[in-house]
Number of protein chains: 2
Amino acid sequence: MAERHRNPTIIDVAERAGVSKSVVSRVVSGRGSVGEETRRRVLDAAQDLGYVVNAVARAMVAHRTYTVGVFVRDAATPFYGHLLTALQERAASHGYRVVTATGSGRFAVADEHRALETLVMLRVEALIVCSGILPAAQIVPFAERLPTVVAGRPETHGSITSVFCDEEEGGAALADHVVDLGHRNVAVITVPVSNSVTMGPRTAAMARRLRERGARVLEVVGPHREMAGGWATEILRHPEITAVMAPSDRHAVAFLEQLQLRNVAVPQDLSVTGYDGIGDLVSPLIGLTHWRQPIELIGERAVDTLVRLLDGEQPPDHHQALSGSLVVGRTTAPPTR
Amino acid sequence: MAERHRNPTIIDVAERAGVSKSVVSRVVSGRGSVGEETRRRVLDAAQDLGYVVNAVARAMVAHRTYTVGVFVRDAATPFYGHLLTALQERAASHGYRVVTATGSGRFAVADEHRALETLVMLRVEALIVCSGILPAAQIVPFAERLPTVVAGRPETHGSITSVFCDEEEGGAALADHVVDLGHRNVAVITVPVSNSVTMGPRTAAMARRLRERGARVLEVVGPHREMAGGWATEILRHPEITAVMAPSDRHAVAFLEQLQLRNVAVPQDLSVTGYDGIGDLVSPLIGLTHWRQPIELIGERAVDTLVRLLDGEQPPDHHQALSGSLVVGRTTAPPTR
DNA sequence: TTGTAGGCGTTATCAC
DNA sequence: GTGATAACGCCTACAA
């Protein structure tokens, strides 16, 4: 539990090389000029001692950590896992490290707040928040303190910068696809905005567009995948329904599992759509028709925007809504009745 | 790019509260005794200024960071994503933060080495390495420097502590299942150990056990999922084969996709097995027969072991091989020919 | 209980 | 080109 065997410092290296610690500092930091011969001796000494720069001490005096903090709600979810990877890569290409604070999906808002505070303690230079439930009000205090970008969710709060995929566009486009196929009675598995600021607006957009196009809509409230059995029971009670729109690929697959159990054929008896297009569920084995979010792009834009903020520039857009794309699979087809 | 607006320090708080910085330090760190009235004033002042402890400075003097470094090869894969989450949670429960260094799966060994060095620069107190390709020789120098645990891969190097799922057991058990069903001609999609220290031994164990049980084995070398088309072509050239064992769930699904394209029925024409049991591919919709790795347990054990090492204790086992479990789905059945 | 005086490992600013 | 020296923000004896 106690401090480990002390790491060698520039002072140790200096002694061994027979120079002052200033010289060592210049050599290892690459600033200032040092004689070629001296540089060699220092490098050798450092090598012998296994010296590695202490980023903590460096941050102390430089007032910089070259670190951005990323808060992800649940890295075990494909969506956030991919987003995290994209963020990490992009940040590295800008010379920034990433420190991650993760919830497990079961964290309360209070815990999420504490996680953000931890990142501030570590003196990350900026924050990227990826959570579909943390309310904007909780984020604002942090955004006022250091550059902050909300990624992966449609956040339009005035004092928060954000990068996300346009949920309205996606939901509407998917609804268009369903109507274009000829469906007139459609069920939408909706999610309250209070449960998710992504799936909420998304499913709302689906229902709205369906109605605009003249379809009749049955809204089934289904925030959690575990409730798939319930959706199936309710939806199958309405034989006029020929298509079902789910709030995410995972919800869609959970529903497909239920249909399989009940021997309902897809897409013959029922068309089904998903949403996200991330991870293993895009397998052609399932062939799920869905809306694909450009997750890598979200990650890249989020980091690029953050770097602009760090450089004191104004980002191009306060709220960047990126476009996704429709992926037509084998789970949707014209209605047979 | 420059330093942000300076954060308030204990000195600022001290001035505002009209006390010395020592008092503030005692209050915020919770050590030493402070008068109740004084404590209140300090807390108020801290609140007003928005003071947040500087973990960097604290680490500087304490020679401790309460941080463990986790290197994961690719957080976007379900296996590593889940492992990362499990590690993070467990570490938090022990009072440690986690700093993650991630590759994208396309990193060269040299880059992975550099990533580990970055973690050392940050003065993490211990290391958890999760990578199926980084050779032990690269890890040893770090393990000599600070407590290190390799998680999720069968690492039996003498000077490295490790926690993993027993690949021999899993491969053999899965092979037993196949033979027990009556299959006598089986294809195994093998992976060279040089490509993966998990899938390599695992597939080798499958082939070995199959032969021990009297089955004839066709080994198809297939490190990458993109090669699934090739496997299918080769395997279907051997009509006597009635079962195929893949190195992972993802490989199995890639293969299933190919079979679907070629109208080969599973499990009627061919039985197929996977391996891992992590993430969305376990969906009953696919019903893949596979070996399930206890990933949460691996994460917990890895952290617990690390904490023991940090406390100067000897871990119970140098190499902990955990047991997985067989999950029988609908992709395996007795052979029909 | 409270204040004073180092010192942690680095970088930066000066003289030399 | 090189070497003292002063911070950086915090903790910790030790003294008052």
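A note on names: the letters A, B, ... follow the listed sequences, proteins ahead of strands, and every chain is numbered from 1. None of the values given here were measured: they were computed from a predicted structure.
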What's the [atom1]-[atom2] distance between [X] and [N], to the nearest Å?
X: Met121(B); N: dG9(C); atom1: CE; atom2: P; answer: 16 Å
X: Arg58(A); N: dT10(C); atom1: CZ; atom2: P; answer: 8 Å
X: Ile10(A); N: dC8(C); atom1: CD1; atom2: P; answer: 12 Å
X: Ile11(B); N: dA7(D); atom1: CD1; atom2: P; answer: 12 Å
X: Tyr66(A); N: dT10(C); atom1: OH; atom2: P; answer: 16 Å
X: Arg64(A); N: dC8(D); atom1: CZ; atom2: P; answer: 18 Å
X: Arg6(B); N: dC10(D); atom1: CZ; atom2: P; answer: 12 Å
X: Tyr51(B); N: dG9(D); atom1: OH; atom2: P; answer: 10 Å

Sugar-phosphate only, base, or nothing, as touched by Thr9(A) at under 4.0 Å among non-hydrogen atoms: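 The answer is sugar-phosphate, as Thr9(A) gets under 4.0 Å only of primed atoms, P, OP1 or OP2.
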Would you confirm whether Arg145(A), through its side chain, and Gly50(B), through its main-chain N or O, come within 3.5 Å as a donor-acceptor pair?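 Here the side-chain-to-backbone pair exists.
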Contact under 4.0 Å: Ser25(B) side-chain N or O vs dC10(D) OP1/OP2: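 Checking Ser25(B) against dC10(D): no side-chain N or O falls below 4.0 Å of OP1 or OP2.
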Check: Thr85(B) and Asp74(A) side chains under 4.5 Å, non-hydrogen atoms: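 When only atoms from C-beta onward are counted, Thr85(B) and Asp74(A) do touch, with a gap below 4.5 Å.
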Between Val52(B) and Asn7(B), is any pair of side-chain heavy atoms under 4.5 Å apart?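 Contact flag for Val52(B)/Asn7(B) side chains = no.
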For the pair Arg41(B) and Glu37(B), evaluate salt bridge (Lys or Arg N to Asp or Glu O under 4.0 Å) and give the outcome as yes or no after the intermediate values. CA-CA 7 Å; Arg41(B) 280 221 313 287; Glu37(B) 152 66 7; 3.4 Å; yes
To the nearest 0.5 Å, what is the distance between CZ on Arg97(B) and OG1 on Thr118(A)?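 Arg97(B) CZ to Thr118(A) OG1: 6.5 Å, rounded to 0.5 Å.
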For a side-chain contact (heavy atoms from CB on, under 4.5 Å) check, start with the C-alpha distance between Leu116(A) and Leu134(A), then their side-chain angles and the critical distance, and finish with the verdict. CA-CA 11 Å; Leu116(A) 285 176; Leu134(A) 197 62; 3.8 Å; yes
Could you verify whether a donor N or O on one side chain and an acceptor N or O on the other, from Thr100(A) and Gln88(B), lie under 3.5 Å apart?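 Checked: Thr100(A)/Gln88(B) side chains show no N/O donor-acceptor pair below 3.5 Å.
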Write out a two-atom table: protein N or O, nucleotide N or O from nucleotides 1-4 of chain D, distance below 3.5 Å.
from   : atom 1 : to       : atom 2 : distance (Å)
dG1(D) : OP2    : Ser33(A) : OG     : 2.4
dT2(D) : OP1    : Thr38(A) : OG1    : 2.5
dT2(D) : OP2    : Gly35(A) : N      : 2.6
dG3(D) : OP2    : Ser20(A) : N      : 3.1
dG3(D) : OP2    : Ser20(A) : OG     : 3.2
dG3(D) : N7     : Arg26(A) : NH2    : 3.0
dG3(D) : O6     : Arg26(A) : NH2    : 2.4
dA4(D) : N7     : Ser22(A) : OG     : 3.1
dA4(D) : N6     : Ser22(A) : OG     : 2.8

For the residue pair His319(B) and Phe164(B), is the inter-centroid distance of their aromatic rings smaller than 6.0 Å?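 Between His319(B) and Phe164(B), the centre distance exceeds or equals 6.0 Å.
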Nearest listed nucleotide, side chain of Met60(B), among dA12(C), dG9(C), dC11(D):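 Nearest to the side chain of Met60(B) among the choices is dG9(C).
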Measure the angle between the two terminal helix axes of the helix from dT1(C)-dA16(D) to dC16(C)-dG1(D), five base pairs each, and quote it to 10°.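 Here the local axes at opposite ends form an angle of 40°.
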Arg73(B) vs Ile133(B), side-chain contact (heavy atoms from CB on, under 4.5 Å): CA-CA, chis, key distance, verdict: CA-CA 8 Å; Arg73(B) 176 165 167 57; Ile133(B) 62 161; 3.4 Å; yes
